[in-house]
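Structure incoming, see below.
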Protein chains: 2
Amino acid sequence: MSNDTEPAPRSALVDEIASQIRARIMSGEIAIGAQLRQAELANELGVSRTPIREALRQLQTSGLIEVVPNRGAVVRVPVPWEVREAYQVRAQLEGFATELAVKRISDAEIATLREANETMREATVHPPALQPGEEPPTTTANDVFHTTIHQASGNQRLARTINEINETFPRNVSWLVLRDDQRHREQNVREHERILEAIVAGDGERARREMVEHVVGAGEHLARWYERRSATVFVG
Amino acid sequence: MSNDTEPAPRSALVDEIASQIRARIMSGEIAIGAQLRQAELANELGVSRTPIREALRQLQTSGLIEVVPNRGAVVRVPVPWEVREAYQVRAQLEGFATELAVKRISDAEIATLREANETMREATVHPPALQPGEEPPTTTANDVFHTTIHQASGNQRLARTINEINETFPRNVSWLVLRDDQRHREQNVREHERILEAIVAGDGERARREMVEHVVGAGEHLARWYERRSATVFVG
DNA sequence: CATCCCTAAGATGGATCCATTCTTGCTACG
DNA sequence: CGTAGCAAGAATGGATCCATCTTAGGGATG
């Protein structure tokens, strides 16, 4: 996901620009609520404002930024109830993906899931020191776990839809949520293991239930983080 | 000092343009597979190419059109398996919406559902003559039925996600699917009535199941239409 | 001293310009 | 007669221009 040495069909410049801006928002390099000035982005990315404007339109329709006419674009600041809503939806989709995956998953994919959980457990027990802005290994392993299930579901549209929801919320917030909450991290690992257990057992119904619960729980944690944040902002 | 004295949120011109182009595709005025030439659209809509280009980027990310670098945009031609995938996802979401709706639906909304079904039944028994490109009353009533349930679910993100999926496929195709299949129309009415029955009975689980089945079935019909179409194209 | 207004700077948004690429049709050659 | 190649036309895509809207700052006034 980091290298694009694609000899294949020449990706459009605009899509590349959009990806870069999205990455900056996802990593927290551009904070939520921050203004996105076209001229500034154009300078930094070494292009004119035209492709920037088209890229911003893409990010607008994907819901990551908000564009107010004649006043420019800002990174959307999620409201807690929006987070809960989105994760309710995501939970259903992930649950469905898990149920589908149970019927089609390969041994290799199961091995990948085991490995991801192992990495997560390891990083949870011995949390490594991180540079600011660096992605924690738990988050990476978490992504591998979920993405593998999406793939195993065999439904590309399902994977895409889940992805669209995830890309509405900056990823670095999820890092922060996990960083200060050892108990949440441990719970995460346990839930992943229970899900994997159900998958291996071939119990689609149970796997689905566990996954739904897992995602809703994660959404609740995320929503609470945004609640605390807005409280802070209003007070201080 | 809390003045959000916004009388009109003044929608951006680009969004308006995008809506118009989307509407033309949805109604079939612009056929699937057709080229979208920027200069032509600019002329017809009375603007320059700049807002057209931004609007096309929006439609691109929403998946309705495909933009090939240096070769322009075409209306995406859905492949049958894509339709099945999308409707599998939509079915889960609509099912979930129905389950949520059972707990929150108001009497007024139930009345709306009844009315929509009545309209559908009426139009199914006595199919009116239509101008080409005119939306059949069954389709309109069908939309009212589903949209009302989305609203009643109380989850805006859920409604939006379902909408995003629907807007991937031109609506006029759904008209064609229904137009020549009296049996399908009748089945549609029956299924709607069974769903409404379960909702009124307060049986969320059953309502969900009925809705999932209903949507999957609709997807199957749609997918088969695209199958027949591609066969025709390849032969003729 | 606070408030209102007015002006100037900055940013967005539509229009236009031009280089590059793709397409198409004609021609020449096998 | 078919195919490869080339040249002209057309369309896209990035850059630039300019009008309009927004906002910040300063000065006048009550």
Side-chain angles (χ1 to χ4, degrees), chain A residues 4 6-22 24-25 30-77, chain B residues 1-22 24-25 30-77:
Chain A
D4 37 0
E6 306 276 299
R10 189 163 18 133
S11 64
L13 174 62
V14 173
D15 294 327
E16 179 60 27
I17 302 269
S19 286
Q20 295 209 15
I21 299 175
R22 187 186 301 113
R24 288 195 188 189
I25 296 172
I30 302 178
I32 57 179
Q35 281 266 344
L36 295 167
R37 270 180 287 274
Q38 298 174 359
E40 193 176 334
L41 291 169
N43 262 342
E44 293 175 10
L45 297 177
V47 295
S48 82
R49 277 176 51 217
T50 307
I52 300 286
R53 282 165 62 176
E54 293 183 24
L56 291 181
R57 290 297 175 190
Q58 290 188 332
L59 298 178
Q60 177 193 20
T61 56
S62 73
L64 185 58
I65 69 174
E66 195 167 359
V67 178
V68 183
N70 288 320
R71 257 192 282 179
V74 299
V75 181
R76 248 181 83 80
V77 180
Chain B
M1 288 270 297
S2 58
N3 16 346
D4 287 22
T5 51
E6 308 272 305
R10 187 163 22 131
S11 64
L13 174 61
V14 172
D15 294 326
E16 180 58 28
I17 302 270
S19 287
Q20 296 210 15
I21 299 175
R22 186 186 302 113
R24 288 195 187 188
I25 296 172
I30 302 178
I32 59 179
Q35 282 266 345
L36 296 167
R37 271 181 285 276
Q38 298 175 359
E40 191 176 336
L41 291 170
N43 262 342
E44 294 175 9
L45 298 177
V47 296
S48 83
R49 277 177 51 219
T50 307
I52 299 287
R53 282 164 63 176
E54 293 182 23
L56 291 181
R57 290 297 175 193
Q58 290 188 333
L59 298 178
Q60 176 193 22
T61 54
S62 72
L64 185 58
I65 70 175
E66 195 167 0
V67 177
V68 183
N70 288 319
R71 255 191 283 177
V74 298
V75 181
R76 250 182 81 80
V77 180

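Every chain is numbered from 1 and lettered A, B, ... according to where its sequence line falls, protein lines coming before strand lines.
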* Checking all strands, does A:Leu36 fall into the base, sugar-phosphate, or nothing category for heavy-atom contacts under 4.0 angstrom? -> sugar-phosphate

* A:Leu41 CG to D:dG14 C1': how many Å, rounded? -> 16 Å

* To do: Starting from the 5' end of DNA chain D, give me the residue, A:Val47 or B:Gln38, whose nearest nucleotide shows up first.
  => B:Gln38

* Earlier contact from the 5' end, DNA chain C, for A:Gly72 and A:Thr50 -> A:Gly72

* Length of the line joining B:Glu54:CD and D:dT12:P, which is rounded to integer Å -> 16 Å

* Whole-Å gap separating C1' (D:dT12) and CD1 (B:Ile52) -> 14 Å

* Asked: Taking OP1 and OP2 of C:dG14, is either one under 4.0 Å from a side-chain nitrogen or oxygen of B:Ser48?
  -> no

* To do: With B:Val47 as reference, evaluate B:Ile52, B:Val14, B:Leu41 under the side-chain contact (heavy atoms from CB on, under 4.5 Å) test and give the passing residue.
  => B:Ile52

* Structure fact -> Rounded to whole Å, the CD-P distance (B:Glu40 to D:dA10) equals 14 Å

* To do: Using only side-chain N and O atoms of A:Arg71, determine if any of them is under 4.0 Å from OP1 or OP2 of D:dT23.
  => yes

* Calculate the interatomic distance between A:Asn70 atom CG and C:dT12 atom P; express it in whole Å. => 10 Å

* Asked: Which heavy-atom pair separates A:Leu56 from A:Ala73 by the least distance, and what is that distance?
  -> CD1-CB, 4.5 Å

* From A:Ile21 atom CD1 to A:Leu59 atom CG, the distance as rounded to the nearest 0.5 Å -> 6.0 Å

* Atom-pair distance (CD on A:Glu16; P on D:dG14), nearest Å -> 12 Å

* What is the distance from CG of A:Leu56 to P of D:dG14, rounded to the nearest Å? -> 14 Å

* Test log, rule side chain to side chain contact (heavy atoms under 4.5 Å, CB included), inputs A:Glu44 and A:Arg24 -> CA-CA 12 Å; A:Glu44 293 175 10; A:Arg24 288 195 188 189; 2.4 Å; yes

* How many Å lie between CG on B:Leu13 and P on C:dA15, as a whole number? -> 8 Å

* Could you walk me through whether A:Arg76 and A:Ile65 pass the side chain to side chain contact (heavy atoms under 4.5 Å, CB included) test, one step at a time? => CA-CA 5 Å; A:Arg76 248 181 83 80; A:Ile65 69 174; 5.9 Å; no

* Using a cut-off of 4.0 Å on non-hydrogen atoms, how would the nucleic acid contact of B:Arg49 be classed: base, sugar-phosphate, or nothing? -> base

* Any donor-acceptor N/O pair under 3.5 Å between D:dG14 base and A:Arg53 side chain -> no

* Output the single nucleotide from C:dG13, D:dG13, C:dA11 whose closest atom is nearest the side chain of A:Arg37. => C:dA11

